Q: 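Pasting a structure here, questions to come.
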Amino acid sequence: MRRTATRTLALIAPVALVALAACGASSSGDDPASAPTDPASAPTDRAAPDASFGTIPSAGDGEPAPGSADGTGSTTSLVPSAEADLPTAPPSAAGEGGPSTTLPAGPLPIPAVQLIDIGAFDAPVGVAVRPLDPRLFVVEQAGRVLAVDDESATPVLDVTERTEASGEQGLLGLAFHPERDLAYVNYIDQDGDTVIAEFAVDPVSAAFDPGSFRQVMTVAQPFPNHNGGALVFGPDGMLYIGLGDGGAAADPLRAGLDLGTRLGKLLRIDPLEFGDEPFVVPADNPFVGVDGADPTIWSLGLRNPWRVSFDAATGDLWIADVGQNEFEEVNRAAADGGRDAGRGLSFGWSAFEADAPFNDDQDPTGHTPPVIVYSHVDGNCSVSGGTVVRGSRVTNLDGWYVYGDYCSGTIWGYDTTSAAGAPVVVELGLLPALTSVARGPNGELFAVSSDGTVARFADA
């Protein structure tokens, strides 16, 4: 990725990723009668970790019914799988093995950067990295993944027959297993529902084996927007899945704070198959054993989390959450010894839009306020996350959380050493239709535009 000239790799008319649900109203979703009359709100207590391994929702059921993990009212207790990487002590004791990186006290020096196009793609929505692989993996909304290096862009996955790039739908996320030759994708199927699927990956070519397709989880989507799409492995080796509130506008289903639904949540699972079950719920998930709660939930109160990342140095969790009509927000949850960031936290939607009260029938208790809030002025409409930069080749970029806005295309850096309540934010660049900012291999940083561009950050 060291070339400085723009190279056209695959120039196809892109399908626009429509504003990532800045408002997202639909005729059916705006009907007040479609909202529950007595929406559930999140309890303030956390569930203590169970001595058993947890519960496994059945595959392919869509949304579980409140009070059950699999829609049938029953759960299955299991012992730990040999592959599971679970904490062995509560957060206060687990910190001894955390990151030892010495971080700057701040304020951070302000970087000067430029964006260098590495190629053109068909409506890219994000990029991913594979352990020990120097290539960049570009995710196209229509359903392809390409492995990109200085010489070529090679398709390694094609699921265009399973999904369709339409508005906010399509192939939305990709994550490679940190220890196995497996990859996971997050896409919206032809029925409009979220599917998390696993593929075996060739250890040399990284080609996905289409015959190895395995459905890990399906979540029914009531509307065609607010699908989320984030997929990332955490420092604990677990898979984190970002889901929006189901769509329409103003959280008509009151899903954000309802622990009986996976919508509006960040989920955490061990995605490896266990016997006849498609995945395992870790026993230390915060709502395991809580009556009426889906045990896969890790964090709640999200409207449309569009890109989730973990700080490679600290384990802190960062969530860029798309707002309603006025405000965009970025949430930060501190890790304890490099892990457990965001465990059981509520980020407030729809009692709050960012830090402003929103639906007054929702319980505001326990709201974790965002660290970054910006309004819909100057052409802004929809936040695109976002990662904390570590080990960068770009001068002075380390320690900045880099993110931007889809509509204005503005890219900002947030000084992560900023004092609470006094965020330091600087403008870094411009890329219209910005869909993602993410780490690449070898400490590089990339910005992605649904107009077709993937660009690398470099010194100005």
Side-chain angles (χ1 to χ4, degrees), residues 1 6-21 113-130 135-149 153 155-157 165 167-176 185-187 227-232 242 304-309 318 320 322 330 381-389 392 394 397 401-413 428-441 443-458:
M1 292 293 171
T6 301
R7 290 184 291 111
T8 299
L9 300 177
L11 184 57
I12 307 171
V15 180
L17 187 71
V18 180
L20 300 177
V113 304
Q114 62 174 320
L115 295 173
I116 299 174
D117 293 357
I118 68 162
F121 301 84
D122 177 14
V125 294
V127 297
V129 294
R130 177 177 174 237
R135 295 171 294 179
L136 182 71
F137 291 83
V138 177
V139 179
E140 294 181 335
Q141 187 183 359
R144 295 198 308 168
V145 174
L146 295 93
V148 181
D149 59 21
V156 293
L157 174 67
E168 296 174 37
Q169 300 180 326
L171 179 59
L172 304 177
L174 166 67
F176 289 93
V185 293
N186 184 334
Y187 67 89
N227 301 300
L231 206 60
V232 61
N304 191 25
W306 185 249
R307 297 314 175 222
V308 173
S309 63
W318 294 79
V322 178
V330 176
C381 78
S382 181
V383 65
S384 295
T387 188
V388 178
V389 182
S392 175
V394 179
L397 198 56
Y401 174 79
V402 183
Y403 67 105
D405 187 87
Y406 177 84
C407 290
S408 70
T410 306
I411 299 174
W412 297 283
L428 296 177
L430 186 69
L431 186 63
L434 181 76
T435 56
S436 182
V437 178
R439 290 188 296 267
E444 294 187 314
L445 184 69
F446 293 87
V448 181
S449 164
S450 66
D451 283 348
T453 299
V454 175
R456 176 173 56 84
F457 286 73

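From a predicted model like this one, the values you see are computed outputs, not experimental measurements.
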Q: Examine distances only and state if a side-chain atom of Trp412 and a backbone atom of Asp405 form a donor-acceptor pair shorter than 3.5 Å.
A: no
Q: Would you mind reporting whether Leu430 and Thr410 have side-chain heavy atoms less than 4.5 Å apart?
A: yes
Q: Less than 4.5 Å apart, any side-chain heavy atom of Leu146 and any of Glu140?
A: yes
Q: Taking the side chain as C-beta and beyond, is there a heavy-atom pair between Val145 and Leu174 under 4.5 Å?
A: yes
Q: Enter the distance from Asp117:CG to Leu431:CG here, rounded to the nearest 0.5 Å.
A: 7.5 Å
Q: For Val232, which residues count as a side-chain contact (heavy atoms from CB on, under 4.5 Å) partner, sequence neighbours excluded?
A: Tyr240, Val308, Phe310
Q: Nearest heavy-atom pair of Phe121 and Ala153: which atoms, and what distance?
A: CE2-CB, 4.5 Å
Q: Which atom pair, heavy atoms only, marks the closest approach of Ser309 to Gly386?
A: OG-O, 3.0 Å
Q: Students often mix this up, so state it plainly: with edges at 30° and 60°, are the rings of Tyr401 and Trp318 parallel, tilted or perpendicular?
A: parallel
Q: Using every non-hydrogen atom in the two residues, find where Leu172 and Gly228 come nearest and quote the distance to one decimal.
A: CD1-O, 3.8 Å
Q: When rounded to the nearest 0.5 angstrom, what distance separates CZ in Arg144 from CG in Leu157?
A: 10.0 Å
Q: Stepwise, does the side chain to side chain contact (heavy atoms under 4.5 Å, CB included) test hold for Val138 with Phe446?
A: CA-CA 10 Å; Val138 177; Phe446 293 87; over 6 Å; no
Q: Identify the residue among Pro305, Ser382, Cys381 that makes a side chain to side chain contact (heavy atoms under 4.5 Å, CB included) with Val322.
A: Ser382
Q: Going through the distances and angles, do Glu168 and Asn304 end up as a side chain to side chain contact (heavy atoms under 4.5 Å, CB included)?
A: CA-CA 11 Å; Glu168 296 174 37; Asn304 191 25; 3.7 Å; yes
Q: Could you tell me if the side chain of Val389 sits less than 4.5 Å from the side chain of Phe457, heavy atoms only?
A: no
Q: Answer yes or no: is there a donor N or O on one side and an acceptor on the other, between the side chain of Thr387 and the main chain of Arg439, under 3.5 Å?
A: no
Q: Working note: Leu115 + Ile411, criterion side chain to side chain contact (heavy atoms under 4.5 Å, CB included); need CA distance, chi angles, decisive distance, verdict.
A: CA-CA 11 Å; Leu115 295 173; Ile411 299 174; 3.8 Å; yes
Q: Which pair of non-hydrogen atoms, one from Leu445 and one from Ala438, has the smallest distance, and what is that distance?
A: CD1-O, 3.4 Å
Q: Show your reasoning for whether side chain to side chain contact (heavy atoms under 4.5 Å, CB included) applies to Leu136 and Ile118.
A: CA-CA 11 Å; Leu136 182 71; Ile118 68 162; 3.9 Å; yes
Q: Nearest 0.5 Å, what's the OH-OG distance between Tyr406 and Ser449?
A: 7.5 Å
Q: Mind listing the closest non-hydrogen atom pair of Ala147 and Val156 along with its distance?
A: CB-CG1, 4.0 Å
Q: Testing the basics here: between Ala230 and Asn186, what is the closest heavy-atom pair and its distance to 0.1 Å?
A: O-ND2, 3.6 Å
Q: Does any non-hydrogen side-chain atom of Val129 lie less than 4.5 Å from one of Phe176?
A: no
Q: Answer yes or no: is there a side-chain heavy-atom contact under 4.5 Å between Tyr403 and Val437?
A: no
Q: Residues two or more places apart in sequence or in another chain: which of them pass side-chain contact (heavy atoms from CB on, under 4.5 Å) with Ala458?
A: Gln114, Ile116, Arg456
Q: May I ask you to test the Arg307-Val125 pair for a side-chain heavy-atom distance under 4.5 Å?
A: yes
